[in-house]
Amino acid sequence: MDNWKLKEHPQLSRNNIVAVVVLDGWGEFKPDKYNCIHVADTPTMDSFKKSAPGRWRLLRAHGSAVGLPTEDDMGNSEVGHNALGAGRIFAQGAKLVDLALASGKIYQDEGFNYIKPSFETGTLHLIGLLSDGGVHSRLDQLQLLLKGASERGAKRIRLHILTDGRDVLDGSSVGFVETIEKDLAELRGKGVDAQIASGGGRMYVTMDRYENDWDVVKRGWDAQVLGEAPHKFNSAVEAVKKLREQPNANDQYLPPFVIVDENGKAVGPIVDGDAVVTFNFRADRMVMLAKALEYEDFDKFDRVRFPKIRYAGMLQYDGELKLPSHYLVSPPEIDRTSGEYLVHNGVRTFACSETVKFGHVTFFWNGNRSGYFDSNLEEYVEIPSDSGITFNVQPKMKALEIAERAKKAILSRRFHQVRVNLPNSDMVGHTGDIEATVVACKAADEAVKIIIDAIEKVGGIYLVTADHGNAEDMVKRNKSGEPLLKDGNIQVLTSHTLKPVPIAIGGPGLPDDVKFRTDLPNGGLANVAATFINLHGYEAPSDYEPSLIEVTDD
Ligand SMILES: O=C(O)[C@@H](CO)OP(=O)(O)O
Ligand SMILES: [Mn+2]
Ligand SMILES: [Mn+2]
């Protein structure tokens, strides 16, 4: 049995009201016209910086600091919130899949052996995000899986691609499709009947999250399973090129398409007896499709046909729901998260965001586990997001509503921890609309102000940080940091970044002698949990990454 009892902190008192604010996609970067946080009016976040180094500092939020394979891997919400909530660094999906592919273990484990019998007479379908972004999936992993599966008996393979443009540059979809087409042609040369069967842009087809808009998943289902879509092409390269010619076309939002043969028949609907693998390792944007593929009882949309298939996820996406029940690689075992410790010690928590980030401060925070640890001590509030829009048209999103709910929770004095995610800088940053992103950053800053004002009123403490960079750099740069021009134009960066993120602490409840330690220069997101556990008046579990704060006696 785990010992859940936390030791009382020798100097810090219990029962403080602590606001934990995560600005999504808010990194630190030099002043620059493509740094939307710098351009925006952000007096609250700026004021924190003045209290450096004692109460403001930077944290690492990418690469090994969050369990990613290399230092070239940008941070993302899943690994960022996992680290923030769990207080330790776990080798993450991207890395675990790399290892399983390199050792060949992926082909020996339960998941692959479960789908394999279908190779005899059925088709192997691979559904996922086609890019080398490394946030949800990776092209090289797909290439290895294609090769490995065909060498192990898959004779007919159909690929259902989702174009990216969010973790990689817009327009890069064409190159990725060309690359994978070469691999498929090689397989055909070896007698494997392999081709792309359907596709669509990730934000419009399949990869919705937290049940914001089931139509997104339905559009994918119709193309992937039923073989039906408004656009039909004979090749995927042609599909992506043609669809990108439409006004305002964007890789993230390409409409669904199916590939048809010379008779106009879809080349790869999913039918009884087939095997299906969703090859994204990241959970949030695959859970909805996993439910549609796995659940007998399902009422989110009319599936028309529910084929009897053998389905495996690249990973198991939800540890609480055990979904999907079959998977190729075991997910990181993110156990004993801060939330679980807090409920065992009677600390009451309120968590809130709007739909598009709701699972970040609940599901990811709790180690990819849905639901409460203890519903008597926790309350999670989801503010419905707008759906069917790109957030540059609504850059303020629900920041004000989130802040007002947090304020109410703080002023009620019913909770010790009030935790929110403010999505603006990330969600609008991903649209690549620089002007709108400036508005978004200002809105997030105003929300922070509302929350710290409430903390001021109740004599509480705040901890404000971020999960990774995004809005602080909106342009692709060369090695010397200058914008990298293409045909004389800048290339807008829609993705996250490798930049560090700020963390600030303060509030009337924070004793004057509490400061950031100076001996953790490489501190990262995983050091945050021990820090707020201290602010709640407890010592962190001994295997957590060390707390960032110390109580000085000068
Ligand atoms: O939108 C998403 O899925 C990712 C980018 O791919 O962003 P975040 O990690 O911030 O959720
Ligand atoms: Mn994020
Ligand atoms: Mn993001």
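When reading the values below, keep in mind they use all heavy atoms of this one structure, side chains included, and skip hydrogens, waters and symmetry mates. When a ligand or atom number is given, it counts from 1 through the structure's own listing order.
Judged by distance alone, with hydrogens and angles left aside, the side-chain atoms of Thr531 form a donor-acceptor pair with the main-chain N or O of Leu548 at under 3.5 Å. Using a distance-only test at 3.5 Å, with no hydrogens or angles considered, a donor-acceptor pair links the side chain of Asp208 to the main chain of Asp213. No donor-acceptor pair under 3.5 Å is formed between the side chain of Gln417 and the backbone N or O of Ala351. Of the possible polar contacts, none joining the Asp73 side chain to the Leu68 backbone as a donor-acceptor pair under 3.5 Å is found. Under a 3.5 Å cut-off, the side chain of Thr70 and the backbone N or O of Asp72 do form a donor-acceptor pair.
Checked against the 6.0 Å centroid criterion, the rings of Tyr210 and His360 qualify as a close aromatic pair.
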Could you give the N/O to N/O pairs under 3.5 Å linking ligand 1 and the protein, each with its distance?
| unit_1 | atom_1 | unit_2 | atom_2 | d |
| --- | --- | --- | --- | --- |
| ligand 1 | 1 (O) | Arg166 | NE | 2.9 |
| ligand 1 | 1 (O) | Arg166 | NH2 | 3.2 |
| ligand 1 | 1 (O) | Arg285 | NH2 | 2.8 |
| ligand 1 | 3 (O) | His136 | NE2 | 2.7 |
| ligand 1 | 3 (O) | Arg202 | NH2 | 3.1 |
| ligand 1 | 3 (O) | Arg209 | NH1 | 3.3 |
| ligand 1 | 3 (O) | Arg285 | NE | 2.6 |
| ligand 1 | 3 (O) | Arg285 | NH2 | 3.4 |
| ligand 1 | 6 (O) | His136 | NE2 | 3.1 |
| ligand 1 | 6 (O) | Asp167 | OD1 | 2.6 |
| ligand 1 | 6 (O) | Asp167 | OD2 | 3.1 |
| ligand 1 | 6 (O) | Arg202 | NH1 | 3.3 |
| ligand 1 | 6 (O) | Arg202 | NH2 | 2.9 |
| ligand 1 | 7 (O) | His430 | NE2 | 3.3 |
| ligand 1 | 7 (O) | His496 | NE2 | 3.2 |
| ligand 1 | 9 (O) | Ser77 | N | 2.7 |
| ligand 1 | 9 (O) | Ser77 | OG | 3.0 |
| ligand 1 | 9 (O) | Arg282 | NH1 | 2.8 |
| ligand 1 | 9 (O) | Arg282 | NH2 | 3.3 |
| ligand 1 | 10 (O) | Asp24 | OD1 | 3.4 |
| ligand 1 | 10 (O) | Ser77 | OG | 2.5 |
| ligand 1 | 10 (O) | Lys357 | NZ | 3.0 |
| ligand 1 | 10 (O) | Asp426 | OD1 | 3.4 |
| ligand 1 | 10 (O) | Asp426 | OD2 | 3.0 |
| ligand 1 | 10 (O) | His468 | NE2 | 3.2 |
| ligand 1 | 10 (O) | His496 | NE2 | 3.2 |
| ligand 1 | 11 (O) | Ser77 | OG | 3.0 |
| ligand 1 | 11 (O) | Arg209 | NH1 | 2.9 |
| ligand 1 | 11 (O) | Arg209 | NH2 | 3.4 |
| ligand 1 | 11 (O) | Arg282 | NH2 | 2.9 |
| ligand 1 | 11 (O) | Lys357 | NZ | 3.3 |
| ligand 1 | 11 (O) | His360 | NE2 | 3.2 |

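Residue His496 does not count as close to the Mn ion (ligand 2), with no N, O or S atom under 2.8 Å. Among the atoms of Asp467, an N, O or S atom falls under 2.8 Å from the Mn ion (ligand 2). For the Mn ion (ligand 2), the set of nearby N, O or S atoms under 2.8 Å includes none belonging to Asn421. At a cut-off of 2.8 Å, His430 coordinates the Mn ion (ligand 3) through an N, O or S atom.
Restricting Asp24 to its N/O/S atoms, the shortest distance to the Mn ion (ligand 2) is reached by OD1.
Considering CG of Leu422 and CG of Asp24, their distance stands at 9.0 Å, rounded to 0.5 Å.
With a 6.0 Å cutoff to the six-membered ring centre and a 45° limit on the axis angle, Arg219 counts as a cation-pi contact of Tyr204.
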